[in-house]
Structure formats: C-alpha cells, structure tokens
Amino acid sequence: MPQYFGKLPTTEQPWTRLQSVQSVKELENHIYFNCGSQTLVINAVAPNLIRVRMSPTGALSPSRSWAVTQEENWPDVALTVQQHPDSTEIITDRMRVAVAHHPCRLTCFDPQDQPFAQDSEPGISWRQGAVANWKQIAPGEHFYGFGERTGLLDQRSQVRTNWTTDALDYDILTDEMYQAIPFFIALRPSLGYGIFFNTTFWSQFDLGASQPGVWSMETRGGELDYYIIYGPEPAEILATYTQLTGRMPMPPKWALGYHQCRWSYDSETEVRELAQTFRDRQIPCDVIHLDIDYMRGYRVFTWGPKRFPDPAQLIADLRENGFKTVTIIDPGVKYEPEGDYAVFDEGQDRDYFVRNPDGSTFHGYVWPDKAVFPDFLNPEVRQWWGDWHKTLTDIGVAGIWNDMNEPAIEDRPFGDDGHKIWFPLDALQGPPEDRATHLEVHNLYGHKMAQSCYQGLRQHRPNQRSFVLTRSGFAGIQRWSSVWMGDNQSLWEHLEMSLPMLCNMGLSGVAFVGCDIGGFAGNATAELFARWMQVGMLYPLMRAHSALNTARHEPWVFGDRIERICRDYIELRYQLLPYLYSLFWEAATTGTPILRPLLYHFPYDPQTYQIQDQVMLGPSLMAAPVYRPGVQCRAVYLPSGVWYNWWTGEQHQGPGYILADAPLERMPLFVPAGAIVPMGPVMQHTDERPLDTLRVRVWPVTGLETLHKTFVLYEDDGQSFDYETGSRGITTYTLQQSSQELVFNISARTGNWTPPPREVVIEVLGFGEQRFMDDGGDRQLRFLL
C-alpha cells in the first residue's frame with residue numbers, strides 16, 4: 001500500500017448502487033436483507049434507535065467499541081416485522097422503518113406517519129475505497145451538531161468533513177477542525193431525528209451543497225454503518241445519542257470557576273505575581289494554566305529548573321491561596337537517544353511509539369524539535385502514558401491540558417517553513433491482536449490521548465476529581481475530557497462565531513466546552529475584551545488565553561472601567577454556580593447541553609432555527625450578547641411566553657422582537673416566567689468558604705396566567721468521587737401559580753450528602769422573600785399575588 005502523509009487518496013470511479021432485496025431473514029432483533037453479494041442489516045437497538053449496516057462484500061466487519069459503548073447493554077426491543085410483496089416493515093412503539101425491495105431503499109416514519117431519513121437516488125452505494133448513502137432533505141429541515149464547526153449554527157447547504165486537523169488561523173469558511181464528531185440533528189417544526197455515522201475513517205456530510213434537496217454521507221471505510229435516532233425533539237435525540245456514546249463525568253466544582261492562561265507565564269515569579277494580583281484586585285479566579293514554557297526544553301513531564309526551580313512549593317502556595325494548577329501536555333516526545341530523558345527511553349525500549357510501515361520509528365517536528373509519538377490506540381501505551389502523569393499529580397497538579405493532539409506535526413523544525421503532516425495512513429496502530437491502519441484511526445489519536453490522561457488521573461488522584469482539557473477528539477470525547485475550540489483570534493467575528501460553535505458542540509453530546517476569552521492570536525481592544533468576558537461568563541468552560549508576543553489579556557490590563565466590567569461578570573458567574581453546577585449534573589446524567597441554542601427549548605418555533613446570536617444557559621437564562629464595536633442596543637427575539645429583563649425586571653410578551661439597551665456595562669439577559677435560579681454569594685474562589693447562604697430567585701407571571709415549573713438543585717462535596725455512590729443532595733423546587741397565589745414547594749432533599757448550616761432565601765421577584773434555615777425537609781411557601 002502506498003504511503004500518504006499530507007494528502008488522502010481519492011477516487012473518481014463511478015458508484016455502484018445497492019440493488020434489489022432477494023431475501024429477508026430475522027434473527028434476534030436483526031433483520032438481514034440479502035441483496036445478492038451485498039448484505040444490509042437493520043438492528044432495533046431501542047424503540048427510537050436503529051442501526052443500519054451494509055457490506056459490499058456481504059461480510060460485516062467485527063464491531064469495535066471506539067465510540068459506541070452501551071449498545072450491548074440495552075434491553076430487548078419489542079418489534080414487529082411485516083412482510084409485503086415489495087417491502088418489509090420494522091415497527092417499534094416509537095417509529096416504523098420501511099425497506100423497499102426494488103431497489104433497496106430505506107424510509108423511517110414517526111407515529112404521525114411523517115417520513116424522515118428517507119433514502120434518495122442513488123441510495124446506498126459504494127466504489128473502491130468508499131461507501132455512501134444519499135437521503136432526502138424534507139421541506140423546512142435544518143441541520144445542527146457536526147461537532148466543532150465554524151460559521152453558522154444551521155449547517156444546511158454546507159459540506160462538513162470529519163478529519164482531525166490543526167486548524168490554525170481558522171475562519172468562518174474552515175471545514176476540517178480539531179474535533180471530528182460525525183453526528184448531527186435534523187430538525188423541522190413537527191419532527192426531529194439524529195444521525196450518528198459510526199465510522200472513524202475520513203468521512204463527509206454534504207447537506208444539500210452538491211444537490212439541493214438531498215443530503216449524503218460518505219466514508220473511506222469499507223462498509224456503511226450508521227444509527228438513526230428518532231426524537232422528535234433535540235432533548236430526546238441527545239439523551240439517546242449520549243446513552244449510546246457515553247456521558248461526561250462530574251468535574252470538580254473549581255473547574256466551573258474562572259481560568260486564567262497565557263502562552264506563557266514563563267516563570268515562577270510571574271505566576272506568583274499573577275495569582276496575587278487576582279486576590280489584591282478582588283477578581284475571582286480558581287485556575288491558572290501553565291503553557292509549554294514551564295517544561296525543560298519542551299520535554300513533556302519535566303520542569304525547567306531555571307524558570308520553575310521548585311514546582312511543588314509553587315503549586316502548594318497557589319493552592320493555599322485558592323488556585324488550582326493545570327499544566328499542558330503534548331503528545332510529541334523529544335527524540336533524545338543519547339540524552340537523559342526517561343520518557344523517551346522507556347517508550348523506545350518498550351516499542352510504544354508509532355512506527356512507519358517499514359518498521360522504523362516515525363518522527364516529525366513539534367515544540368521539542370524532532371519528536372516521536374506514543375501509539376495511544378494500544379491500551380498498554382495508554383496505561384504507561386497515564387502513569388507518567390503521576391510525576392505531576394504527586395506535586396499537586398490538579399488538571400491536564402492536552403494540546404497538539406490531532407496530531408499537529410510538521411516535516412521540519414518549527415520556523416523552517418515546514419508542511420503539516422500526519423502519520424503514514426498505512427502505518428499500523430493498536431495492540432498486536434487488534435491492529436488498524438492510521439487511515440482508520442487518525443480521528444481517534446487525540447481522543448485516545450485524552451482517555452489515557454483521564455484514566456491516569458483517576459488512578460493517581462483516586463480521591464479527587466481532576467480537570468482534563470483536550471483540543472482534539474472524536475464522538476464520545478465527553479467521557480474523557482472537556483474541549484476548547486482551539487486557536488481563535490482577537491476579532492469581533494471570532495467572538496460572534498464562538499456561540500454557534502459551542503452550541504453545535506453541545507448538540508453533539510459535548511457539554512463542557514469553551515473558547516479562549518479575548519481571542520488567542522492577536523490583540524483584543526478594551527471594548528472587545530469586555531464584550532468577550534460577558535459572553536465568556538456563559539461558556540461552560542470560562543478561560544481567558546492569549547498567545548506569545550501578543551498583548552496581555554488579564555482583566556485589569558485595559559483600565560479601570562474594563563476591569564470593573566470583568567469583575568462584575570466573573571462575580572455573576574460565581575453567584576450562578578449553584579445553578580450552573582446543577583446544569584452540569586443534568587449533562588452528566590442525561591446528555592443535556594449546558595449552553596443551548598434557542599431551538600433546543602423551542603423546536604416548534606421555526607423563528608429560532610436561524611438565531612445564533614442568542615443562547616440559553618440552561619432553561620432559565622437567555623443571553624443576547626453584543627458582537628460588534630460601538631453597539632449600545634440590539635434587537636432581541638423573545639419566544640412565546642412572558643420574559644423578564646434580568647437587570648431591570650421589566651416584563652415583555654413573546655413571541656416577537658424587542659430593542660434592548662446594551663451599554664458596555666450590560667449584556668442583555670432575560671429569564672422566562674416561572675424561572676427558578678438558585679444563586680450563591682460572591683466568592684474569590686470556590687473553596688473560599690461553604691455556601692452559607694442560598695438565594696433562590698423566582699420570576700412569577702403577573703396577570704391571569706397559570707404556571708407549573710420545576711428546577712432540580714444538585715449538590716455534592718464538589719471534589720471527590722463519593723457522588724458516584726450516593727453522596728449527593730438533590731432538591732426539587734416546584735412553582736405553582738394561579739391568578740391569586742404562588743405556591744413554592746421544596747421537596748425533601750434526597751441522597752446521602754448534607755450541606756453545612758445555611759440560610760435559604762426564596763425571593764419571588766416583585767412579591768417579597770421568605771427566609772429559613774435549611775433542614776433538608778419538605779417545605780411549602782405561599783406568596784399572595
């Protein structure tokens with residue numbers, strides 16, 4: 001097989017279509033369609049989830065568990081198979097799948113008999129090195145998800161390629177990105193469904209760009225394998241998808257605080273000064289990230305003895321001052337056969353590095369110059385790499401930031417005008433008993449590095465949750481890591497682009513996401529930084545970051561006015577932590593995004609389908625940020641219902657647009673009637689003191705409307721894994737309102753975790769408040785309206 005470094009093989013051969021069904025056989029919820037020398041198999045995994053597989057050779061490959069983790073544990077599905085002269089129907093209590101025989105074509109139907117995911121000409125087809133499927137785009141259908149995507153929220157009429165790439169200097173037209181997640185949600189006002197293209201090979205979706213009214217998916221793998229998930233709403237689609245590919249673990253509570261980063265804070269003295277400045281200026285912050293210059297010559301798992309002579313003492317002092325330390329780790333291991341570098345020596349002796357097809361060790365160039373790369377597809381290598389993190393955790397490092405893991409490699413030393421390369425596509429990876437070519441597993445490299453990191457930290461910090469961050473990943477990356485959107489730029493366009501990017505990640509099952517506040521490359525203006533900090537308050541991961549040789553991007557560098565704005569919004573973030581932490585629990589248990597586009601909550605309102613400059617933080621906060629310089633007011637769309645201005649309490653009736661004031665100090669924020677938002681006091685860091693006062697803000701409706709709303713407050717110790725065995729507290733708040741009275745019910749707290757003594761304040765906006773000491777029991781409060 002020829003070696004391919006910087007270019008994927010292509011073919012222009014004609015497609016061969018899947019022909020007529022010759023016979024049908026049913027075996028244990030699998031329906032086999034014999035199409036001559038080809039085999040089509042449909043498996044009902046759940047009532048709203050089917051798997052479709054087709055092999056051009058007739059023999060299906062053994063399934064690998066790289067993304068799908070739960071299928072074998074699902075209960076059997078009650079289904080009916082009906083044979084007709086020219087078709088076969090597979091019926092569950094949620095959907096119907098009709099397979100036409102001449103030629104073989106698949107169409108799904110919802111309970112109202114509406115078709116979706118309907119095959120279109122040429123249906124399922126293949127040619128040498130590729131297999132594809134074409135389907136109809138229904139009228140009014142829109143497409144969301146696809147992992148990390150620039151540009152618009154709705155991906156209709158776009159081509160989206162799944163191939164992990166170092167997307168330096170990306171813009172709104174960039175296709176391939178750091179993440180490759182071949183999953184999307186199709187939505188129209190009466191119906192929604194999801195498609196997970198279960199292939200790790202290079203793959204591509206064409207959402208009507210080449211042929212209006214038709215979408216297609218193609219992979220360079222040898223067979224077709226995809227899942228169809230019936231909704232009808234995004235929430236159920238994501239719940240099913242994340243049940244299939246896994247859900248995020250609960251992060252430590254401190255990871256929800258504010259993170260400060262730069263390439264690089266390059267000395268112990270500078271880091272100490274940074275930390276003290278946050279405390280002196282009373283700007284909350286929980287995390288300081290150390291970029292590549294903390295290492296000795298960019299050798300991973302080392303410290304530079306001149307810049308960081310005593311990292312253990314530094315980290316201990318930071319911890320005493322309320323800061324956690326996160327260090328960057330890259331996959332490239334410095335090639336140093338004559339040196340004294342144990343990481344290289346061990347990896348070389350144990351044959352842990354990726355090899356070329358001729359058996360020689362592959363090398364490329366990254367920060368430490370010539371480097372070799374661990375084969376993370378091999379479980380033994382993952383264990384070894386994970387164990388190396390002990391050198392960091394033993395001195396107090398609390399989190400790891402995995403970078404450059406697409407992998408990002410050049411063919412000559414950095415600065416020599418090199419070209420990006422990756423491993424030869426025919427290089428073999430994985431353990432001897434389960435080899436795969438890099439063509440098949442390229443998209444998994446960063447994903448498996450993140451898995452190795454997570455599992456290593458779990459082993460070596462067994463009583464403390466760790467924070468893991470990755471730049472690259474594949475479907476299911478939420479099981480191992482949070483994700484940031486890579487190297488963005490200090491441009492208004494990148495600020496605007498950040499929310500649709502993060503929303504599409506959330507709609508792809510990855511909830512713990514963020515973008516570099518202020519922009520990584522370039523110099524933010526004071527106004528841009530203030531507006532970005534307001535938006536960053538909404539990011540599940542709130543981290544500011546900036547690049548080498550750029551202006552500093554700390555909250556105080558732009559003058560007193562911008563510092564006050566940054567402080568106000570970081571403080572608001574910390575006040576919202578009880579609400580936000582509950583959203584993380586919801587994401588961990590149901591796959592629900594934390595940051596959501598409006599369409600997530602209003603899928604029957606087509607007006608929300610194209611709105612990408614407004615977002616929901618959970619169910620109760622809608623933000624309409626400013627994305628352009630000099631803007632002092634902006635149009636805001638309010639979906640159906642009553643909405644309140646967060647800052648003034650002014651009431652508005654949706655659906656429709658309003659003009660909202662937006663001076664530099666104010667990001668327009670709105671809450672829907674019936675919203676329940678638990679809040680805490682301002683803290684300088686999450687460990688500053690126990691939550692001694694819990695304020696629950698409630699927004700009723702004035703007038704004759706009735707309401708019934710709930711919110712589930714989730715709490716635990718925020719640090720340990722005890723929540724996994726029941727040490728958690730869950731309190732359900734229920735609001736019932738008539739025209740004369742508001743009744744607020746608080747359920748008895750469930751779980752084995754008890755908060756420290758605290759006062760609870762129930763504040764009904766416009767109608768007063770009631771206070772009591774939290775005893776964990778049932779309580780009913782009444783407010784006359």
Side-chain angles (χ1 to χ4, degrees), residues 235 238-239 242 247-257 286 465 467 478 482 506 510-514 537-542 572-596 600-601 615-623 646 669 671-672 674-683 686 690-699 709-724 726-735 744-756 758 760-763 774 776 779:
L238 278 174
T242 55
R247 294 173 180 145
M248 60 175 282
M250 282 298 288
K253 185 175 288 186
W254 55 261
L256 279 62
D286 263 270
R465 292 177 236 167
F467 170 73
Q478 64 271 7
S482 62
V510 189
F512 196 2
V513 289
M537 186 274 293
L538 307 167
Y539 295 167
L541 170 63
M542 187 183 187
L572 179 57
R573 168 76 169 212
Y574 278 73
Q575 288 178 287
L576 288 169
L577 282 178
Y579 174 74
L580 191 60
Y581 197 62
S582 300
L583 299 183
F584 271 78
W585 171 248
E586 186 180 13
T589 53
T590 69
T592 303
I594 296 163
L595 190 70
R596 310 163 186 177
Y600 183 86
H601 286 288
V615 290
M616 300 291 296
L617 183 62
S620 300
L621 284 174
M622 182 179 71
W646 170 271
L669 276 176
V671 290
I676 301 169
V677 180
M679 301 179 67
V682 173
M683 297 184 182
T686 54
L691 184 63
D692 49 16
T693 301
L694 179 67
R695 177 174 291 270
V696 182
R697 302 184 73 191
V698 182
W699 283 261
K709 299 285 186 178
T710 62
F711 184 83
V712 177
L713 174 70
Y714 173 82
E715 301 174 282
D716 58 30
D717 64 24
Q719 299 179 17
S720 76
F721 294 99
D722 293 347
Y723 76 93
E724 295 177 340
S727 183
R728 54 181 179 258
I730 298 176
T731 306
T732 301
Y733 300 126
T734 304
L735 167 67
F744 193 78
N745 290 297
I746 303 172
S747 72
R749 186 167 45 246
T750 61
N752 300 326
W753 181 84
T754 303
R758 68 185 180 194
V760 177
V761 182
I762 307 299
E763 178 188 358
D774 186 3
R779 191 177 295 264

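Residues satisfying the side chain to side chain donor-acceptor pair (under 3.5 Å) test with Asn745, not counting sequence neighbours, are Gln736, Gln780. Here Trp753 pairs with nothing under the ring-ring contact (aromatic ring centres under 6.0 Å, His included) rule; sequence neighbours left out. Listed by chain and number, the residues in a side chain to side chain contact (heavy atoms under 4.5 Å, CB included) with Thr750 are Ile730 (sequence neighbours excluded). Every residue meeting the side chain to side chain contact (heavy atoms under 4.5 Å, CB included) condition with Arg247, not counting sequence neighbours, appears here in chain and number order: Ala239, Thr242, Gln243. Not counting sequence neighbours, Tyr600 has no partner by the ring-ring contact (aromatic ring centres under 6.0 Å, His included) test. Every ring-ring contact (aromatic ring centres under 6.0 Å, His included) that Phe584 has, sequence neighbours left out, goes to Phe512. Residues meeting the salt bridge (charged side-chain N to carboxylate O under 4.0 Å, His left out) test with Arg573, sequence neighbours left out: none. Residues satisfying the ring-ring contact (aromatic ring centres under 6.0 Å, His included) criterion with Phe721, sequence neighbours excluded, are absent altogether. For Asp692, the side chain to side chain contact (heavy atoms under 4.5 Å, CB included) criterion is met by Pro681, Arg689, not counting sequence neighbours. The salt bridge (charged side-chain N to carboxylate O under 4.0 Å, His left out) search around Arg697 returns Glu763, not counting sequence neighbours.
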Stepwise, does the side-chain contact (heavy atoms from CB on, under 4.5 Å) test hold for Val698 with Leu735?
CA-CA 8 Å; Val698 182; Leu735 167 67; 3.8 Å; yes

Verdict with supporting geometry, Ile746 and Ile762, side-chain contact (heavy atoms from CB on, under 4.5 Å)
CA-CA 10 Å; Ile746 303 172; Ile762 307 299; 4.1 Å; yes

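Interatomic distance, CG of Leu583 versus CG of Leu256, reported as 9.5 Å (0.5 Å rounding). For the atom pair CD of Glu715 and CZ of Arg749, the computed distance is 6.5 Å after rounding to the nearest 0.5 Å. In this structure, Met537 CE and Leu576 CG are separated by 6.0 Å, a value rounded to the nearest 0.5 Å. With values rounded to the nearest 0.5 angstrom, Thr734 atom OG1 is found 12.5 Å from Lys709 atom NZ. Note: Thr732 OG1 to Phe711 CZ = 10.0 Å, rounded to the nearest 0.5 Å. In this structure, CG on Leu595 lies 12.0 Å from CG on Leu541, to the nearest 0.5 angstrom.
By the 4.5 Å heavy-atom criterion applied to side chains, Leu691 and Pro755 are not counted as neighbours. In this structure, Tyr714 and Pro678 have side chains that are not in contact, with every pair of non-hydrogen atoms separated by 4.5 Å or more. Counting heavy atoms from C-beta outward, Asp722 and Asp717 have side chains that approach closer than 4.5 Å. Counting heavy atoms from C-beta on, the side chains of Val761 and Val696 never come closer than 4.5 Å. Between Val760 and Thr731, the closest side-chain pair of non-hydrogen atoms is not below 4.5 Å. Side-chain contact between Pro619 and Arg596 is present, with at least one heavy-atom pair separated by less than 4.5 Å.
Applying the side-chain hydrogen bond (donor to acceptor under 3.5 Å, both in side chains) test to every pair with at least one member in residues 574-584, sequence neighbours left out, gives these pairs: Asp286-Tyr574, Arg465-Tyr581, Tyr581-Asp716.
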Pairs of donor and acceptor atoms involving the side chains of residues 587-594, under 3.5 Å and at least two apart or interchain, shall be tabulated with distances.
unit_1 : atom_1 : unit_2 : atom_2 : d
Thr589 : OG1    : Trp585 : O      : 2.8
Thr589 : OG1    : Glu586 : O      : 3.4
Thr590 : OG1    : Glu586 : O      : 2.7
Thr590 : OG1    : Thr592 : N      : 3.4
Thr590 : OG1    : Thr592 : OG1    : 2.6

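Tyr733 contributes no side-chain N or O that, together with a main-chain N or O of Ile676, makes up a donor-acceptor pair within less than 3.5 Å.
Heavy-atom contacts from other residues, nucleotides or ligands closer than 6.0 Å to NZ of Lys253 number more than 12.
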